[in-house]
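Data block below; observations after.
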There are 2 protein chains.
Amino acid sequence: MKGEHLFRSKYKSALTNCALLNNLDEETNNEILSLFHHEKWPKNTCFLNHEKFFFHFYIILSGRVKMYQVEPNSGKELTLFLLTKSDVFDLFCLLDGDKHQVYYECLDNVKVLAAPMTELRSWLNRHPEHYKNLLPYAGKQLRSLENYVSDITFTDISTRLLKLLIRNVNDKSNTLELINDLSNKELAYLIGSTRAVVNRHLQRLKQNGSIKISRKRLQVKNLSLLLHLLENQKLANLKI
Amino acid sequence: MKGEHLFRSKYKSALTNCALLNNLDEETNNEILSLFHHEKWPKNTCFLNHEKFFFHFYIILSGRVKMYQVEPNSGKELTLFLLTKSDVFDLFCLLDGDKHQVYYECLDNVKVLAAPMTELRSWLNRHPEHYKNLLPYAGKQLRSLENYVSDITFTDISTRLLKLLIRNVNDKSNTLELINDLSNKELAYLIGSTRAVVNRHLQRLKQNGSIKISRKRLQVKNLSLLLHLLENQKLANLKI
DNA sequence: TTAGTTGTGCTACTTAAGTAGTACTATTCA
DNA sequence: TGAATAGTACTACTTAAGTAGCACAACTAA
């Protein structure tokens, strides 16, 4: 891949925000990008083979990719990460060189850069100072998972749903992003619940006018009401 | 601290197994250890001030330290990690330089090595190849948290309790370790539940003879029965 | 020694979440 | 176009987990 060409291309913003490529001079940047090639994955593509991510490392240029698990006996699903532009995967494999028992699915048409894991590793070994770039990104994923654990154990579904909505409202446009075109089922998997239960809570939010829902479309109509409801739920937990 | 002296001391095994000090030549090893000093913390010491772990980094030489969170409204607790010999903390702070909203408590008399975070960081910046040592350890914590999330969402308390017991049975001695002297409350916090519920399930395991319990003492009497029960619970989840 | 604290074992009750099923609608694609 | 599929809204039911409370035992420290 011509690194220079690509760097000047329309995916520049995806690459400059990518943790792996942080603070590199142009020469180094081109050198590391030369390990990668372009791939396009159509919407709804599923990757069920863990080995794929053991042998290649990916950077998302555009589109959403969900990392998820399936409980083999019950068939229940759980979305661990909703990856998007500038995200990389699979960090687990890169960090410790073990297989990672998760699946991936494209929620949009996705463009990625792909590099053979061995080549990326040997490049990093030749330039160990760039290992440092991985650390804050690893920290972010650790915090995200820790937050997942405490949310699941401390708070009920309606609170988790409120939090999910609130944190995906864009500050500037004041509209729901990233998850606004997901089905109830996909929303449920993002907070470790089931379609029916999430629908039940969405109906209540619809009734009080804070959201508007239609088939695979979700709008936040009244963010301050959502924030208010979240506050109330916290107070309801107070031990007297 | 005299690195050479300490390295030959009785904590040698704690240090050689420590991720941060992996594969270092003796000189480098002494250099990094010179950043650390010795600290002793008595059993039951609590650290509720997040700043402490923002400014110092610790390696456990002996004793157990639990990393936990408290939900401020309800007062519910949750143990995130049960750290022990050779573990380091706080990795979250070291990786991304942000505060980490968790508490720490010593479950034993604990001995640690402590280094100022800034000095450790600047040493690592001078020797960036040693950043690499942190990666597999970060991977291990990521996997542990991911596993926590999927356990909580996929499996019920009795299954989580069975798994907790089984994974803490020492292969060689066939006895329960690490958690064998914890109260029901502490066991509950390790799997995101409550004392009463855990006790309920422990009573059932006692009745079938797989464990023996007394005040703050827990013994596994029949590991294969526990494994058998775990298998059965999985089958019970099968969708027909 | 004793008072206070902590841990245990139990009963009874409440509740949110999950499960099952069904009618209906929107979308897809052959 | 029309059949199949996917998504939604709803009711009724089940259940595990959480909650509250209490009696008692076992440590701990004044």
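Atom set for the values below is all heavy atoms of this structure, side chains included, hydrogens, waters and symmetry mates excluded. A note on names: the letters A, B, ... follow the listed sequences, proteins ahead of strands, and every chain is numbered from 1.
The side chain of Arg200(B) lies closest to dA12(C) when the candidates are dA12(C), dT19(C), dT8(D). Listed nucleotides: dG18(C), dG7(D), dA9(D). Nearest to the side chain of Arg195(A): dA9(D). Side-chain proximity of Asp156(A) to dG9(C), dT8(D), dA16(C): nearest is dA16(C). For Lys216(B), whose side chain is taken as the heavy atoms from C-beta onward, the closest listed nucleotide among dT8(C), dA17(D), dG18(C) is dT8(C). Nearest to the side chain of Thr194(A), among dT8(C), dT19(D), dT19(C), sits dT19(C).
To the nearest angstrom, C1' of dT11(C) lies 13 Å from CD of Gln203(B). Distance, Lys43(B) NZ to dT28(D) C1': 13 Å, rounded to whole Å. Following rounding to the nearest Å, Ile213(B) (CD1) and dA26(D) (C1') show an atom-to-atom distance of 15 Å. Residue Glu77(A) contributes atom CD, which lies 13 Å from atom P of dA6(D) at whole-angstrom precision. The interatomic distance linking Leu187(B) (CG) with dT6(C) (P) rounds to 18 Å, in whole Å. Remark: P of dA16(C) and CD1 of Ile152(A) are 19 Å apart, rounded to the nearest angstrom. Rounded to an integer number of Å, the gap from Arg215(B) CZ to dG7(C) P is 7 Å. When rounded to the nearest whole Å, the span between CG of Leu218(B) and P of dG9(C) equals 10 Å.
In this structure, NZ on Lys140(A) lies 10.5 Å from CG on Asp96(B), to the nearest 0.5 angstrom.
For dA17(C), one of the phosphate oxygens OP1 or OP2 lies less than 4.0 angstrom from a side-chain nitrogen or oxygen of His201(A). The side chain of Ser193(B) contributes no N or O atom lying less than 4.0 Å from OP1 or OP2 of dA17(D).
Contact annotation for Asn199(A): base contact, defined as any heavy-atom pair under 4.0 Å involving a base atom.
Between the side chain of Tyr148(B) and the backbone N or O of Leu190(B), at least one donor-acceptor pair lies under 3.5 Å.
Of the residues near DNA chain D, Asn184(A) and Ala196(B), the one whose nearest nucleotide (by heavy atom distance) lies more toward the 5' end is Asn184(A).
Ser144(A) and Asn147(A) share no donor-acceptor pair across their side chains, judged by distance under 3.5 Å alone.
For Tyr104(B) and Phe53(B), the ring centers sit closer than 6.0 Å to each other.
A salt bridge links Glu77(B) to Lys66(B): at least one charged side-chain nitrogen sits closer than 4.0 Å to a carboxylate oxygen.
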